[in-house]
There are 2 protein chains.
Amino acid sequence: MANPECRLCSFKSPAAELLSNDELKALESNCAQINFKKGEVIFREGTLATNIAYLKSGLVKVHMKGPVGDKILRLTKAPAYLGLPTTFGDKLNHYSATALTDVHICFISLDTFRDFIFKNGSFAYEIILDLCRNELSDYQRYTNMSQKQLPGRLAEILLCMSHEVFKSTTYELPLTISELADFISSSRESVSRQLSEFSKEGIINLNKKELQILNEDFLRKICSKG
Amino acid sequence: MANPECRLCSFKSPAAELLSNDELKALESNCAQINFKKGEVIFREGTLATNIAYLKSGLVKVHMKGPVGDKILRLTKAPAYLGLPTTFGDKLNHYSATALTDVHICFISLDTFRDFIFKNGSFAYEIILDLCRNELSDYQRYTNMSQKQLPGRLAEILLCMSHEVFKSTTYELPLTISELADFISSSRESVSRQLSEFSKEGIINLNKKELQILNEDFLRKICSKG
DNA sequence: TAAATATTGTGATAAATGTCACATCAACAC
DNA sequence: GTGTTGATGTGACATTTATCACAATATTTA
(Lines give C-alpha, C1' and ligand atoms only; values in the text may rest on other atoms or scores of the structure.)
Protein backbone atom coordinates (compact mmCIF):
# COMPACT_ATOMS: atom_id res chain seq x y z
CA MET A 1 0.00 0.00 0.00
CA ALA A 2 1.95 3.00 -1.23
CA ASN A 3 1.21 6.48 -0.07
CA PRO A 4 -0.49 7.91 -3.11
CA GLU A 5 0.24 11.33 -4.44
CA CYS A 6 -2.94 11.97 -6.29
CA ARG A 7 -2.10 15.57 -7.04
CA LEU A 8 0.97 14.54 -8.97
CA CYS A 9 -0.49 11.36 -10.40
CA SER A 10 -0.27 11.27 -14.17
CA PHE A 11 -2.80 8.48 -14.44
CA LYS A 12 -5.80 10.48 -13.30
CA SER A 13 -9.19 9.57 -14.70
CA PRO A 14 -10.96 12.19 -16.84
CA ALA A 15 -13.25 12.73 -13.88
CA ALA A 16 -10.40 13.19 -11.43
CA GLU A 17 -8.82 15.76 -13.74
CA LEU A 18 -11.78 17.94 -12.84
CA LEU A 19 -11.14 17.86 -9.11
CA SER A 20 -9.82 20.94 -7.36
CA ASN A 21 -6.56 20.94 -5.47
CA ASP A 22 -8.36 20.65 -2.19
CA GLU A 23 -10.40 17.76 -3.47
CA LEU A 24 -7.30 15.99 -4.70
CA LYS A 25 -5.83 16.46 -1.27
CA ALA A 26 -8.92 14.86 0.24
CA LEU A 27 -8.55 12.06 -2.27
CA GLU A 28 -4.96 11.47 -1.25
CA SER A 29 -5.88 10.83 2.32
CA ASN A 30 -8.78 8.57 1.46
CA CYS A 31 -7.22 6.39 -1.14
CA ALA A 32 -4.79 3.49 -1.15
CA GLN A 33 -2.91 2.02 -4.03
CA ILE A 34 -2.66 -1.73 -4.07
CA ASN A 35 -0.93 -3.81 -6.69
CA PHE A 36 -2.22 -7.15 -7.84
CA LYS A 37 -0.43 -9.86 -9.75
CA LYS A 38 -1.89 -11.46 -12.84
CA GLY A 39 -4.63 -13.84 -11.81
CA GLU A 40 -5.41 -12.22 -8.47
CA VAL A 41 -8.94 -11.23 -7.58
CA ILE A 42 -9.45 -7.50 -7.08
CA PHE A 43 -12.92 -7.75 -5.65
CA ARG A 44 -15.17 -10.72 -5.42
CA GLU A 45 -18.85 -11.30 -6.08
CA GLY A 46 -20.81 -11.66 -2.88
CA THR A 47 -18.46 -9.64 -0.69
CA LEU A 48 -19.17 -6.19 0.69
CA ALA A 49 -18.53 -3.35 -1.71
CA THR A 50 -16.69 -0.85 0.43
CA ASN A 51 -14.45 1.07 -1.93
CA ILE A 52 -14.33 2.41 -5.42
CA ALA A 53 -11.66 0.59 -7.41
CA TYR A 54 -9.78 2.69 -9.91
CA LEU A 55 -7.70 0.76 -12.42
CA LYS A 56 -4.56 2.82 -12.88
CA SER A 57 -2.70 0.39 -15.08
CA GLY A 58 -3.23 -3.07 -16.50
CA LEU A 59 -6.05 -5.19 -17.85
CA VAL A 60 -8.89 -6.74 -15.89
CA LYS A 61 -11.75 -9.12 -16.53
CA VAL A 62 -15.13 -8.42 -14.99
CA HIS A 63 -17.04 -11.62 -14.47
CA MET A 64 -20.05 -13.10 -12.76
CA LYS A 65 -21.17 -16.56 -11.72
CA GLY A 66 -23.93 -17.84 -13.95
CA PRO A 67 -26.21 -20.87 -13.81
CA VAL A 68 -23.63 -22.99 -15.63
CA GLY A 69 -20.27 -21.43 -14.92
CA ASP A 70 -18.42 -18.17 -15.03
CA LYS A 71 -19.50 -15.50 -17.46
CA ILE A 72 -17.05 -12.80 -18.48
CA LEU A 73 -18.96 -9.56 -18.81
CA ARG A 74 -16.22 -7.31 -20.13
CA LEU A 75 -12.55 -6.60 -20.25
CA THR A 76 -11.54 -3.29 -18.74
CA LYS A 77 -8.34 -1.55 -19.66
CA ALA A 78 -6.71 1.18 -17.59
CA PRO A 79 -7.53 3.91 -16.93
CA ALA A 80 -11.03 3.17 -15.68
CA TYR A 81 -13.20 2.81 -12.62
CA LEU A 82 -13.87 -0.83 -12.11
CA GLY A 83 -16.94 -1.46 -10.10
CA LEU A 84 -19.04 1.68 -9.97
CA PRO A 85 -22.34 -0.08 -10.63
CA THR A 86 -21.67 -2.88 -8.21
CA THR A 87 -20.38 -0.46 -5.57
CA PHE A 88 -23.21 2.04 -5.80
CA GLY A 89 -25.98 -0.25 -6.92
CA ASP A 90 -25.98 -2.54 -3.91
CA LYS A 91 -24.14 -3.24 -0.68
CA LEU A 92 -22.82 -6.51 -2.08
CA ASN A 93 -20.72 -6.93 -5.16
CA HIS A 94 -22.72 -8.58 -7.88
CA TYR A 95 -19.67 -9.49 -9.88
CA SER A 96 -15.94 -9.99 -9.56
CA ALA A 97 -12.89 -8.36 -11.07
CA THR A 98 -9.73 -10.34 -11.70
CA ALA A 99 -6.38 -9.07 -12.96
CA LEU A 100 -5.34 -10.36 -16.37
CA THR A 101 -1.99 -8.62 -16.11
CA ASP A 102 -0.19 -7.13 -13.13
CA VAL A 103 -2.30 -4.13 -12.22
CA HIS A 104 -2.22 -1.04 -10.07
CA ILE A 105 -5.47 -0.34 -8.31
CA CYS A 106 -6.37 2.69 -6.24
CA PHE A 107 -9.08 1.97 -3.73
CA ILE A 108 -11.00 5.12 -2.99
CA SER A 109 -13.20 5.61 0.03
CA LEU A 110 -16.81 5.45 -1.02
CA ASP A 111 -17.69 8.45 1.14
CA THR A 112 -15.04 10.61 -0.44
CA PHE A 113 -16.09 9.61 -3.92
CA ARG A 114 -19.71 10.29 -3.09
CA ASP A 115 -18.73 13.64 -1.72
CA PHE A 116 -17.14 14.58 -5.03
CA ILE A 117 -20.34 13.70 -6.83
CA PHE A 118 -22.37 15.85 -4.46
CA LYS A 119 -20.07 18.82 -4.54
CA ASN A 120 -18.45 18.82 -7.93
CA GLY A 121 -20.93 18.84 -10.78
CA SER A 122 -18.32 18.41 -13.47
CA PHE A 123 -16.99 15.34 -11.72
CA ALA A 124 -20.48 13.89 -11.41
CA TYR A 125 -21.20 14.61 -15.04
CA GLU A 126 -18.03 12.89 -16.13
CA ILE A 127 -18.92 9.83 -14.09
CA ILE A 128 -22.37 9.79 -15.64
CA LEU A 129 -20.88 10.02 -19.13
CA ASP A 130 -18.62 7.12 -18.31
CA LEU A 131 -21.50 4.98 -17.05
CA CYS A 132 -23.55 5.83 -20.12
CA ARG A 133 -20.82 5.02 -22.61
CA ASN A 134 -20.20 1.72 -20.91
CA GLU A 135 -23.84 0.82 -21.03
CA LEU A 136 -24.00 1.62 -24.72
CA SER A 137 -21.09 -0.61 -25.56
CA ASP A 138 -22.40 -3.34 -23.28
CA TYR A 139 -25.77 -3.27 -25.02
CA GLN A 140 -24.07 -3.42 -28.36
CA ARG A 141 -21.99 -6.41 -27.38
CA TYR A 142 -24.93 -8.06 -25.69
CA THR A 143 -27.06 -7.76 -28.81
CA ASN A 144 -24.32 -9.02 -31.07
CA MET A 145 -23.36 -11.92 -28.86
CA SER A 146 -26.89 -13.08 -28.40
CA GLN A 147 -27.72 -13.15 -32.09
CA LYS A 148 -24.53 -14.45 -33.66
CA GLN A 149 -23.29 -17.94 -33.61
CA LEU A 150 -19.91 -19.21 -32.62
CA PRO A 151 -17.77 -18.01 -35.56
CA GLY A 152 -19.22 -14.52 -35.43
CA ARG A 153 -18.96 -14.27 -31.67
CA LEU A 154 -15.37 -15.39 -31.66
CA ALA A 155 -14.46 -13.11 -34.56
CA GLU A 156 -16.02 -10.25 -32.67
CA ILE A 157 -13.96 -10.54 -29.53
CA LEU A 158 -10.75 -11.18 -31.44
CA LEU A 159 -11.37 -7.96 -33.36
CA CYS A 160 -12.49 -6.16 -30.25
CA MET A 161 -9.31 -7.01 -28.39
CA SER A 162 -7.32 -5.98 -31.43
CA HIS A 163 -9.02 -2.60 -31.77
CA GLU A 164 -10.04 -1.63 -28.28
CA VAL A 165 -7.39 -3.14 -26.10
CA PHE A 166 -4.14 -3.72 -27.95
CA LYS A 167 -4.50 -1.44 -30.98
CA SER A 168 -2.62 -3.97 -33.04
CA THR A 169 -3.37 -6.93 -35.28
CA THR A 170 -0.82 -8.93 -33.32
CA TYR A 171 -1.20 -9.44 -29.62
CA GLU A 172 -0.85 -11.91 -26.84
CA LEU A 173 -4.20 -13.42 -25.89
CA PRO A 174 -4.92 -12.21 -22.37
CA LEU A 175 -7.42 -15.04 -21.83
CA THR A 176 -7.20 -18.80 -21.85
CA ILE A 177 -9.36 -20.75 -24.27
CA SER A 178 -11.69 -21.54 -21.40
CA GLU A 179 -12.00 -17.88 -20.58
CA LEU A 180 -12.67 -17.05 -24.20
CA ALA A 181 -15.48 -19.57 -23.98
CA ASP A 182 -16.78 -17.92 -20.82
CA PHE A 183 -16.70 -14.61 -22.61
CA ILE A 184 -18.65 -15.66 -25.67
CA SER A 185 -20.87 -18.14 -23.82
CA SER A 186 -19.65 -21.20 -25.60
CA SER A 187 -17.73 -24.31 -24.62
CA ARG A 188 -13.97 -24.63 -24.38
CA GLU A 189 -13.98 -27.37 -27.01
CA SER A 190 -16.01 -25.40 -29.51
CA VAL A 191 -13.78 -22.36 -29.16
CA SER A 192 -10.69 -24.48 -29.56
CA ARG A 193 -12.12 -26.02 -32.72
CA GLN A 194 -13.17 -22.67 -34.12
CA LEU A 195 -9.71 -21.20 -33.56
CA SER A 196 -8.21 -24.16 -35.43
CA GLU A 197 -10.72 -23.53 -38.17
CA PHE A 198 -9.73 -19.86 -38.45
CA SER A 199 -6.08 -20.92 -38.56
CA LYS A 200 -6.69 -23.52 -41.28
CA GLU A 201 -8.49 -20.88 -43.33
CA GLY A 202 -5.52 -18.56 -42.94
CA ILE A 203 -7.49 -15.89 -41.14
CA ILE A 204 -5.39 -15.94 -38.02
CA ASN A 205 -2.16 -17.42 -36.80
CA LEU A 206 -2.03 -18.64 -33.23
CA ASN A 207 1.27 -19.67 -31.73
CA LYS A 208 0.93 -20.45 -28.05
CA LYS A 209 -0.78 -17.28 -26.89
CA GLU A 210 0.55 -15.07 -29.66
CA LEU A 211 -2.32 -14.16 -31.95
CA GLN A 212 -1.85 -12.63 -35.35
CA ILE A 213 -4.81 -11.49 -37.42
CA LEU A 214 -3.84 -12.24 -41.00
CA ASN A 215 -7.03 -11.44 -42.83
CA GLU A 216 -8.88 -8.76 -40.94
CA ASP A 217 -11.35 -8.08 -43.73
CA PHE A 218 -12.49 -11.66 -43.75
CA LEU A 219 -12.70 -11.74 -39.98
CA ARG A 220 -14.85 -8.62 -40.16
CA LYS A 221 -17.09 -10.31 -42.68
CA ILE A 222 -17.54 -13.33 -40.43
CA CYS A 223 -18.22 -10.97 -37.57
CA SER A 224 -20.94 -9.00 -39.32
CA LYS A 225 -22.62 -11.97 -40.97
CA GLY A 226 -22.96 -13.69 -37.63
CA MET B 1 -48.28 18.60 -25.94
CA ALA B 2 -49.73 19.60 -22.61
CA ASN B 3 -48.28 22.40 -20.53
CA PRO B 4 -46.62 20.47 -17.76
CA GLU B 5 -46.87 21.45 -14.15
CA CYS B 6 -43.79 19.78 -12.87
CA ARG B 7 -44.05 21.34 -9.45
CA LEU B 8 -47.42 19.72 -8.87
CA CYS B 9 -46.67 16.54 -10.73
CA SER B 10 -47.23 13.48 -8.60
CA PHE B 11 -45.25 11.25 -10.91
CA LYS B 12 -41.86 12.80 -10.25
CA SER B 13 -38.81 10.58 -10.45
CA PRO B 14 -36.80 10.05 -7.25
CA ALA B 15 -34.20 12.36 -8.75
CA ALA B 16 -36.72 15.08 -9.57
CA GLU B 17 -38.02 14.91 -5.99
CA LEU B 18 -34.66 16.40 -5.02
CA LEU B 19 -35.00 19.46 -7.21
CA SER B 20 -35.60 22.86 -5.64
CA ASN B 21 -38.64 24.91 -6.45
CA ASP B 22 -36.63 27.10 -8.77
CA GLU B 23 -35.25 24.08 -10.53
CA LEU B 24 -38.70 22.62 -10.95
CA LYS B 25 -39.75 25.90 -12.46
CA ALA B 26 -36.87 25.68 -14.90
CA LEU B 27 -37.93 22.13 -15.67
CA GLU B 28 -41.46 23.24 -16.42
CA SER B 29 -40.37 25.59 -19.12
CA ASN B 30 -37.99 23.10 -20.68
CA CYS B 31 -40.12 20.04 -20.77
CA ALA B 32 -42.98 18.81 -22.87
CA GLN B 33 -45.34 15.97 -22.20
CA ILE B 34 -46.24 13.86 -25.20
CA ASN B 35 -48.51 10.86 -25.19
CA PHE B 36 -47.92 7.81 -27.32
CA LYS B 37 -50.30 5.04 -28.22
CA LYS B 38 -49.42 1.41 -27.84
CA GLY B 39 -47.03 0.44 -30.60
CA GLU B 40 -45.72 3.92 -31.32
CA VAL B 41 -42.01 4.60 -31.35
CA ILE B 42 -40.83 7.02 -28.68
CA PHE B 43 -37.34 7.46 -30.02
CA ARG B 44 -35.60 5.58 -32.77
CA GLU B 45 -32.16 4.11 -33.15
CA GLY B 46 -30.02 6.16 -35.51
CA THR B 47 -31.79 9.48 -34.94
CA LEU B 48 -30.39 12.41 -33.03
CA ALA B 49 -30.74 12.19 -29.28
CA THR B 50 -31.93 15.63 -28.35
CA ASN B 51 -33.99 15.18 -25.23
CA ILE B 52 -34.19 13.14 -22.11
CA ALA B 53 -37.29 10.96 -22.19
CA TYR B 54 -38.99 10.44 -18.86
CA LEU B 55 -41.58 7.69 -18.75
CA LYS B 56 -44.36 9.01 -16.57
CA SER B 57 -46.78 6.17 -17.06
CA GLY B 58 -46.98 2.99 -19.06
CA LEU B 59 -44.69 0.22 -20.22
CA VAL B 60 -42.00 0.44 -22.87
CA LYS B 61 -39.66 -1.92 -24.68
CA VAL B 62 -36.10 -0.83 -25.31
CA HIS B 63 -34.72 -2.55 -28.37
CA MET B 64 -31.87 -2.50 -30.83
CA LYS B 65 -31.26 -3.79 -34.32
CA GLY B 66 -28.95 -6.78 -34.29
CA PRO B 67 -27.23 -8.78 -37.00
CA VAL B 68 -30.27 -11.00 -37.44
CA GLY B 69 -33.25 -9.00 -36.30
CA ASP B 70 -34.54 -6.94 -33.46
CA LYS B 71 -33.22 -7.56 -29.97
CA ILE B 72 -35.26 -6.45 -26.97
CA LEU B 73 -32.86 -5.21 -24.33
CA ARG B 74 -35.27 -4.54 -21.51
CA LEU B 75 -38.77 -3.62 -20.53
CA THR B 76 -39.06 -0.37 -18.67
CA LYS B 77 -41.97 0.43 -16.43
CA ALA B 78 -42.92 3.90 -15.30
CA PRO B 79 -41.60 5.86 -13.56
CA ALA B 80 -38.19 5.85 -15.20
CA TYR B 81 -35.86 7.75 -17.45
CA LEU B 82 -35.78 6.00 -20.77
CA GLY B 83 -32.68 6.75 -22.72
CA LEU B 84 -30.10 8.28 -20.45
CA PRO B 85 -27.21 6.22 -21.77
CA THR B 86 -28.14 6.68 -25.39
CA THR B 87 -28.76 10.39 -24.87
CA PHE B 88 -25.57 11.14 -22.96
CA GLY B 89 -23.35 8.48 -24.41
CA ASP B 90 -23.47 9.63 -28.02
CA LYS B 91 -25.11 12.14 -30.30
CA LEU B 92 -27.09 9.39 -31.99
CA ASN B 93 -29.49 7.02 -30.35
CA HIS B 94 -28.05 3.53 -30.26
CA TYR B 95 -31.37 1.92 -29.56
CA SER B 96 -35.10 2.52 -29.83
CA ALA B 97 -37.93 2.74 -27.36
CA THR B 98 -41.44 1.64 -28.30
CA ALA B 99 -44.62 1.90 -26.25
CA LEU B 100 -46.15 -1.41 -25.20
CA THR B 101 -49.13 0.35 -23.66
CA ASP B 102 -50.37 3.89 -24.04
CA VAL B 103 -47.72 5.98 -22.35
CA HIS B 104 -47.08 9.48 -21.09
CA ILE B 105 -43.61 10.75 -21.85
CA CYS B 106 -42.02 13.99 -20.70
CA PHE B 107 -39.27 15.13 -22.99
CA ILE B 108 -36.79 17.22 -21.06
CA SER B 109 -34.28 19.56 -22.61
CA LEU B 110 -30.85 18.00 -22.45
CA ASP B 111 -29.27 21.28 -21.37
CA THR B 112 -31.65 21.68 -18.48
CA PHE B 113 -31.08 18.16 -17.34
CA ARG B 114 -27.33 18.59 -17.61
CA ASP B 115 -27.62 21.75 -15.60
CA PHE B 116 -29.31 19.88 -12.78
CA ILE B 117 -26.47 17.40 -12.73
CA PHE B 118 -23.90 20.18 -12.54
CA LYS B 119 -25.64 22.18 -9.91
CA ASN B 120 -27.54 19.72 -7.78
CA GLY B 121 -25.35 17.01 -6.33
CA SER B 122 -28.23 15.03 -4.87
CA PHE B 123 -29.89 14.94 -8.24
CA ALA B 124 -26.67 13.78 -9.89
CA TYR B 125 -26.17 11.13 -7.26
CA GLU B 126 -29.70 9.83 -7.71
CA ILE B 127 -29.14 9.58 -11.46
CA ILE B 128 -25.91 7.71 -10.88
CA LEU B 129 -27.65 5.30 -8.53
CA ASP B 130 -30.28 4.69 -11.16
CA LEU B 131 -27.72 3.99 -13.87
CA CYS B 132 -25.83 1.66 -11.57
CA ARG B 133 -28.87 -0.34 -10.52
CA ASN B 134 -29.89 -0.72 -14.12
CA GLU B 135 -26.49 -1.96 -15.10
CA LEU B 136 -26.53 -4.50 -12.32
CA SER B 137 -29.83 -5.95 -13.37
CA ASP B 138 -28.80 -5.88 -17.02
CA TYR B 139 -25.64 -7.83 -16.23
CA GLN B 140 -27.65 -10.31 -14.26
CA ARG B 141 -30.08 -10.87 -17.07
CA TYR B 142 -27.33 -10.92 -19.64
CA THR B 143 -25.47 -13.64 -17.76
CA ASN B 144 -28.56 -15.72 -17.21
CA MET B 145 -29.81 -15.41 -20.76
CA SER B 146 -26.50 -16.29 -22.27
CA GLN B 147 -26.01 -19.44 -20.27
CA LYS B 148 -29.48 -20.91 -20.14
CA GLN B 149 -31.30 -22.64 -22.90
CA LEU B 150 -34.75 -21.99 -24.18
CA PRO B 151 -36.90 -23.33 -21.32
CA GLY B 152 -34.85 -21.50 -18.71
CA ARG B 153 -34.75 -18.26 -20.64
CA LEU B 154 -38.48 -18.30 -21.23
CA ALA B 155 -39.22 -19.19 -17.63
CA GLU B 156 -37.04 -16.32 -16.55
CA ILE B 157 -38.85 -13.61 -18.43
CA LEU B 158 -42.26 -14.97 -17.55
CA LEU B 159 -41.27 -14.80 -13.90
CA CYS B 160 -39.59 -11.45 -14.35
CA MET B 161 -42.70 -9.91 -15.83
CA SER B 162 -44.74 -11.44 -13.06
CA HIS B 163 -42.52 -10.08 -10.29
CA GLU B 164 -41.06 -6.89 -11.62
CA VAL B 165 -43.73 -5.54 -13.88
CA PHE B 166 -47.17 -6.81 -12.97
CA LYS B 167 -46.69 -8.04 -9.39
CA SER B 168 -49.15 -10.82 -10.07
CA THR B 169 -49.09 -14.41 -11.22
CA THR B 170 -51.76 -13.54 -13.75
CA TYR B 171 -51.17 -10.91 -16.36
CA GLU B 172 -51.72 -9.99 -19.94
CA LEU B 173 -48.59 -10.65 -22.00
CA PRO B 174 -47.37 -7.24 -23.15
CA LEU B 175 -45.38 -8.82 -25.96
CA THR B 176 -46.25 -10.93 -28.96
CA ILE B 177 -44.65 -14.35 -29.31
CA SER B 178 -42.25 -12.85 -31.83
CA GLU B 179 -41.26 -10.18 -29.39
CA LEU B 180 -40.77 -12.74 -26.66
CA ALA B 181 -38.41 -14.46 -29.08
CA ASP B 182 -36.59 -11.19 -29.71
CA PHE B 183 -36.25 -10.76 -25.99
CA ILE B 184 -34.77 -14.15 -25.23
CA SER B 185 -32.88 -14.42 -28.51
CA SER B 186 -34.73 -17.39 -29.84
CA SER B 187 -37.09 -18.02 -32.74
CA ARG B 188 -40.80 -17.39 -32.81
CA GLU B 189 -41.48 -21.06 -33.46
CA SER B 190 -39.37 -22.31 -30.61
CA VAL B 191 -41.01 -19.92 -28.16
CA SER B 192 -44.45 -20.94 -29.35
CA ARG B 193 -43.57 -24.60 -28.89
CA GLN B 194 -42.08 -24.02 -25.46
CA LEU B 195 -45.18 -22.16 -24.31
CA SER B 196 -47.31 -25.08 -25.47
CA GLU B 197 -44.98 -27.36 -23.59
CA PHE B 198 -45.34 -25.35 -20.38
CA SER B 199 -49.11 -25.43 -20.84
CA LYS B 200 -49.18 -29.19 -21.40
CA GLU B 201 -47.15 -29.66 -18.24
CA GLY B 202 -49.64 -27.55 -16.33
CA ILE B 203 -47.07 -24.91 -15.40
CA ILE B 204 -48.90 -22.08 -17.07
CA ASN B 205 -52.20 -21.35 -18.69
CA LEU B 206 -52.23 -19.15 -21.74
CA ASN B 207 -55.53 -17.96 -23.13
CA LYS B 208 -55.02 -15.50 -25.94
CA LYS B 209 -52.70 -13.06 -24.22
CA GLU B 210 -53.84 -13.82 -20.70
CA LEU B 211 -51.09 -15.65 -18.90
CA GLN B 212 -51.55 -17.44 -15.65
CA ILE B 213 -48.65 -18.97 -13.78
CA LEU B 214 -50.03 -22.12 -12.21
CA ASN B 215 -46.91 -23.69 -10.78
CA GLU B 216 -44.49 -20.96 -9.89
CA ASP B 217 -42.18 -23.26 -7.96
CA PHE B 218 -41.67 -25.49 -10.93
CA LEU B 219 -41.16 -22.52 -13.21
CA ARG B 220 -38.54 -21.27 -10.78
CA LYS B 221 -36.85 -24.64 -10.88
CA ILE B 222 -36.72 -24.60 -14.67
CA CYS B 223 -35.41 -21.08 -14.49
CA SER B 224 -32.57 -21.84 -12.13
CA LYS B 225 -31.57 -25.14 -13.71
CA GLY B 226 -31.27 -23.49 -17.10
C1' DT C 1 -68.94 -7.96 -44.40
C1' DA C 2 -65.18 -9.29 -46.88
C1' DA C 3 -60.52 -9.03 -47.95
C1' DA C 4 -56.03 -8.35 -46.51
C1' DT C 5 -52.57 -8.69 -43.11
C1' DA C 6 -50.42 -10.14 -38.98
C1' DT C 7 -49.99 -13.62 -35.59
C1' DT C 8 -49.69 -18.22 -34.07
C1' DG C 9 -49.23 -23.56 -34.02
C1' DT C 10 -46.94 -27.60 -35.55
C1' DG C 11 -44.48 -31.23 -38.26
C1' DA C 12 -40.20 -32.49 -40.68
C1' DT C 13 -35.57 -31.63 -41.27
C1' DA C 14 -30.97 -29.81 -40.94
C1' DA C 15 -27.46 -27.33 -38.75
C1' DA C 16 -24.90 -25.90 -34.83
C1' DT C 17 -22.85 -26.90 -30.86
C1' DG C 18 -22.55 -29.02 -26.32
C1' DT C 19 -20.85 -33.25 -24.02
C1' DC C 20 -17.93 -37.10 -23.23
C1' DA C 21 -13.71 -39.41 -23.72
C1' DC C 22 -9.11 -39.42 -24.19
C1' DA C 23 -4.47 -37.91 -25.81
C1' DT C 24 -1.03 -34.40 -25.63
C1' DC C 25 1.51 -30.71 -23.89
C1' DA C 26 3.34 -27.22 -20.76
C1' DA C 27 4.36 -25.42 -16.22
C1' DC C 28 5.54 -26.03 -11.73
C1' DA C 29 6.63 -28.27 -7.25
C1' DC C 30 9.13 -31.41 -4.85
C1' DG D 1 14.17 -35.65 -13.02
C1' DT D 2 9.52 -36.98 -12.07
C1' DG D 3 5.03 -36.50 -10.93
C1' DT D 4 1.10 -33.58 -10.60
C1' DT D 5 -1.87 -30.22 -12.35
C1' DG D 6 -4.00 -27.30 -15.64
C1' DA D 7 -4.63 -26.15 -20.44
C1' DT D 8 -5.47 -27.64 -25.05
C1' DG D 9 -6.78 -30.49 -29.39
C1' DT D 10 -9.80 -33.67 -31.51
C1' DG D 11 -13.05 -37.51 -32.66
C1' DA D 12 -17.69 -39.44 -31.94
C1' DC D 13 -22.11 -38.66 -30.63
C1' DA D 14 -26.37 -36.60 -28.67
C1' DT D 15 -29.11 -32.70 -28.05
C1' DT D 16 -30.95 -28.39 -28.86
C1' DT D 17 -32.88 -25.34 -31.65
C1' DA D 18 -33.24 -22.86 -36.05
C1' DT D 19 -35.43 -23.15 -40.48
C1' DC D 20 -38.80 -24.23 -43.85
C1' DA D 21 -43.41 -25.17 -45.07
C1' DC D 22 -47.98 -24.69 -44.47
C1' DA D 23 -52.36 -24.44 -41.97
C1' DA D 24 -55.22 -22.05 -38.83
C1' DT D 25 -56.66 -17.96 -36.35
C1' DA D 26 -56.94 -13.06 -35.20
C1' DT D 27 -57.01 -8.50 -36.28
C1' DT D 28 -57.29 -4.60 -39.15
C1' DT D 29 -58.70 -2.24 -43.20
C1' DA D 30 -61.35 -1.22 -47.08
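Because the structure is a prediction, the values reported are computed rather than measured. Below, chain A is the first sequence line, B the second, and so on; all start at residue 1.
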Can a donor-acceptor pair be found between the side chains of [X] and [Y] at a distance below 3.5 Å?
| X | Y | result |
| --- | --- | --- |
| E135(B) | H94(A) | no |
| Y81(A) | S13(A) | yes |
| K71(A) | Q147(B) | no |

Nearest-nucleotide pick for S192(A), side chain only, options being dG9(C), dT7(C), dT8(D) | dT8(D)
Donor-acceptor pair under 3.5 Å, R188(A) side chain vs dG18(C) base | no
Does [N] have OP1 or OP2 sitting under 4.0 Å from an N or O in the side chain of [X]?
| X | N | value |
| --- | --- | --- |
| K209(A) | dA7(D) | no |
| S186(B) | dT17(D) | no |
| S190(B) | dA18(D) | yes |

What integer distance in Å separates [X]:[atom1] from [N]:[atom2]?
| X | N | atom1 | atom2 | answer |
| --- | --- | --- | --- | --- |
| D182(B) | dA6(C) | CG | C1' | 15 Å |
| L150(A) | dG18(C) | CG | P | 7 Å |
| I177(B) | dT17(D) | CD1 | P | 17 Å |
| L180(B) | dT7(C) | CG | P | 13 Å |
| K38(B) | dT27(D) | NZ | C1' | 12 Å |
| K148(B) | dG18(C) | NZ | P | 17 Å |
| R193(A) | dG18(C) | CZ | C1' | 9 Å |
| N207(B) | dG9(C) | CG | C1' | 15 Å |

Using a 4.0 Å heavy-atom cut-off across all strands, classify S187(B) as base, sugar-phosphate, or nothing.
-> base
R193(B) and E189(B) ion-paired at < 4.0 Å | no
Residue whose closest nucleotide on DNA chain D lies nearer the 5' end, Q194(B) versus E189(B) | Q194(B)
Knowing that exactly one of P79(A), C106(A), S10(A) qualifies, which makes a side chain to side chain contact (heavy atoms under 4.5 Å, CB included) with K56(A)?
-> C106(A)
